[in-house]
Protein chains: 2
Amino acid sequence: MTFPSVSKPLDLIIVEDQKEVREGLRYLLGLDPRVNVVRTFERVETFLEALDTLPTPDLVLMDIGLPGMSGIEGVRILKKRFPAVIVIILTVFEDTDRILESIRAGANGYLLKSTKPDILLEQILGAVSEGSPLSPRVAKRILEEIQDSGEPSELSDYGLTPRERQILTDVVNGFTYREIAARYSIAASTVKKHILHIYQKLDVNSRAEFVKKAIREKLV
Amino acid sequence: MTFPSVSKPLDLIIVEDQKEVREGLRYLLGLDPRVNVVRTFERVETFLEALDTLPTPDLVLMDIGLPGMSGIEGVRILKKRFPAVIVIILTVFEDTDRILESIRAGANGYLLKSTKPDILLEQILGAVSEGSPLSPRVAKRILEEIQDSGEPSELSDYGLTPRERQILTDVVNGFTYREIAARYSIAASTVKKHILHIYQKLDVNSRAEFVKKAIREKLV
DNA sequence: CTGAAAATACTCCCTTTGGCGTATTTAACC
DNA sequence: GGTTAAATACGCCAAAGGGAGTATTTTCAG
């Protein structure tokens, strides 16, 4: 007889509408003495109601595609009331939108249902002691998202001259021709000329479009 | 005799300055027939030079803290020349800055040196077939980053009315009073009034400031 | 039903912007 | 040494924007 863990078992709740999956999980996870499956629910609504009368669990396994309220919305509400509860999404969905929305809602991990049972158990236990479990395919989506969020800066330069870049910044910050002219001690007409040049390079024709494009393309 | 993998072994390169770690990895990974450790390097510089004379590897294990050029910079250069090569960072650093910079540089995975050898091997092989390997502690940092990047949206509403929000969007998209008026079949003077109201609520007084603030505060 | 907020509309006045042209000086690159 | 691009500057004009005031109608919650 071994004593791999002296601490109390992990109180876990499963929210999953498909009976076979739900019961399968309950059984599989229950086999490990370090896990205690407190209860299971088919719907977010009933789960959230029951939270008042139930001792707060350590961890929740949450499906996304549920009848009624979505699991993502469930996470949002749950985390607002109990920020300390660890929530792991367990779903078949692997599209970037749902992944990001889940994370923004407060999820602490995102695993796909294709995860093998032994890995799943390991990941659940690791979520408490280590960090956030993510299926590799999910992680890939997230990395892609980070990559093309911070990048487009140097791809698009639009061939602006140094002076034009300075002035571009000022325009975005809301200065008028005159104010910018004063900053650099040049004539307002010159500033205007620069700005018109920039407009041509960026293919815009008003302050609003200009500022929008400059910010979106991370020129500032 | 079993045939778990018919495909050719994974050509792998290790860039790591500490001799023990480097040789340890080479030995450990080399034990698995699915992996072929082509070469190892102590520095990014020599690695990058050698790339011209070497067949392109499938995967590179890259350390960050190296003498001379940092591993992150190495990834940037490598990925620019060989986008198809899979790069996994293997380091002791787990700060958000280095993690994000690595990903933006093009890394396909980020593992900590505390990763157990068997897991490491599994993750490396999975990087080709599955997705991006991330240590749970690294994933945790990334999730935190995503969480507080997408949040401030609904905190600031500025008490805009529905109509004002519609018009706000149009202004950001570069439409003039007249154009917006036409869109909703109302008078340009009304549009102007709405916009002036919005200016007061957002505390701005020009198109440029308006657009900047609206985008930055994610009102659009 | 009543009152507040929102949406509508107009006027006057001045400033700013956008588009056009022209022209000189400086700097950089063959 | 000559060409090119950048930065400087001015003028003209029509369109758009910004500030302030007033007023009517709709809508919605108390």
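In what follows, chains carry the letters A, B, and so on, assigned in the order in which the sequence lines appear, proteins first and then strands, with residues in each chain numbered from 1. Note that the structure is predicted; figures quoted are calculated from it, not measured.
Side chain of A/S135 to main chain of A/L112: a donor-acceptor pair is present (N/O by atom type, distance under 3.5 Å, no hydrogens or angles).
For A/D203, there are no side chain to side chain contact (heavy atoms under 4.5 Å, CB included) partners at least two apart in sequence or on another chain. With sequence neighbours left out, the side-chain hydrogen bond (donor to acceptor under 3.5 Å, both in side chains) criterion links B/K201 to B/E164. A search for ring-ring contact (aromatic ring centres under 6.0 Å, His included) contacts involving A/F93 returns nothing, not counting sequence neighbours. Remark: A/S206 engages A/A208, A/E209 in a side chain to side chain contact (heavy atoms under 4.5 Å, CB included) (not counting sequence neighbours). For B/S132, the side chain to side chain contact (heavy atoms under 4.5 Å, CB included) partners are A/A139, A/K140, A/L143, not counting sequence neighbours.
In this structure, the CD atom of A/Q200 is 11 Å from the C1' atom of C/dG18, given to the nearest Å.
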Set out, line by line, the N/O atom pairs under 3.5 Å between protein and nucleotides 6-8 of chain C.
unit_1 : atom_1 : unit_2 : atom_2 : d
C/dA7  : OP1    : B/R163 : N      : 3.2
C/dA7  : OP2    : B/T161 : OG1    : 2.4
C/dT8  : OP1    : B/R163 : NE     : 3.4
C/dT8  : OP1    : B/R163 : NH2    : 2.6
C/dT8  : OP2    : B/R163 : NE     : 3.1
C/dT8  : OP2    : B/H194 : NE2    : 2.9

Sub-3.5 Å pairs of nitrogen or oxygen atoms, protein against nucleotides 13-16 of chain C:
unit_1 : atom_1 : unit_2 : atom_2 : d
C/dT16 : OP1    : A/R178 : NH2    : 3.4
C/dT16 : OP2    : A/R178 : NH1    : 3.3
C/dT16 : OP2    : A/R178 : NH2    : 2.5

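Running 5' to 3' along DNA chain D, contacts with non-hydrogen atoms of chain B at under 4.0 Å begin and end at D/dA16 to D/dT22.
The pair A/E23-A/R26 counts as a salt bridge, with a side-chain nitrogen and a carboxylate oxygen less than 4.0 angstrom apart.
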- Under the side-chain contact (heavy atoms from CB on, under 4.5 Å) rule, what do A/I89 and A/V138 come out as? Steps first, then yes or no, please. CA-CA 11 Å; A/I89 299 283; A/V138 173; over 6 Å; no
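Rounded to 10 degrees, the angle between the two end axes of the helix from C/dC1-D/dG30 to C/dC30-D/dG1 is 60°, with five pairs used at each end.
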Tabulate below the donor-acceptor pairs under 3.5 Å that side-chain atoms of residues 47-55 of chain A make, not counting sequence neighbours, or state none.
unit_1 : atom_1 : unit_2 : atom_2 : d
A/D52  : OD1    : A/R81  : NH2    : 2.6
A/T53  : OG1    : A/A50  : O      : 3.0

Sequence neighbours left out, cut at 3.5 Å: what donor-acceptor pairs do the side chains of residues 59-73 of chain B make with other protein atoms?
unit_1 : atom_1 : unit_2 : atom_2 : d
B/D63  : OD1    : B/K113 : NZ     : 3.4
B/S70  : OG     : B/I72  : N      : 2.9
B/E73  : OE1    : B/R76  : NE     : 3.2

Review item, side-chain donor-acceptor pairs of residues 180-196 of chain B, under 3.5 Å, at least two apart:
unit_1 : atom_1 : unit_2 : atom_2 : d
B/R183 : NE     : B/D170 : OD1    : 3.3
B/Y184 : OH     : B/D170 : OD2    : 2.6

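In this model, no donor atom of one side chain and acceptor atom of the other lie less than 3.5 Å apart for B/N36 and B/K8.
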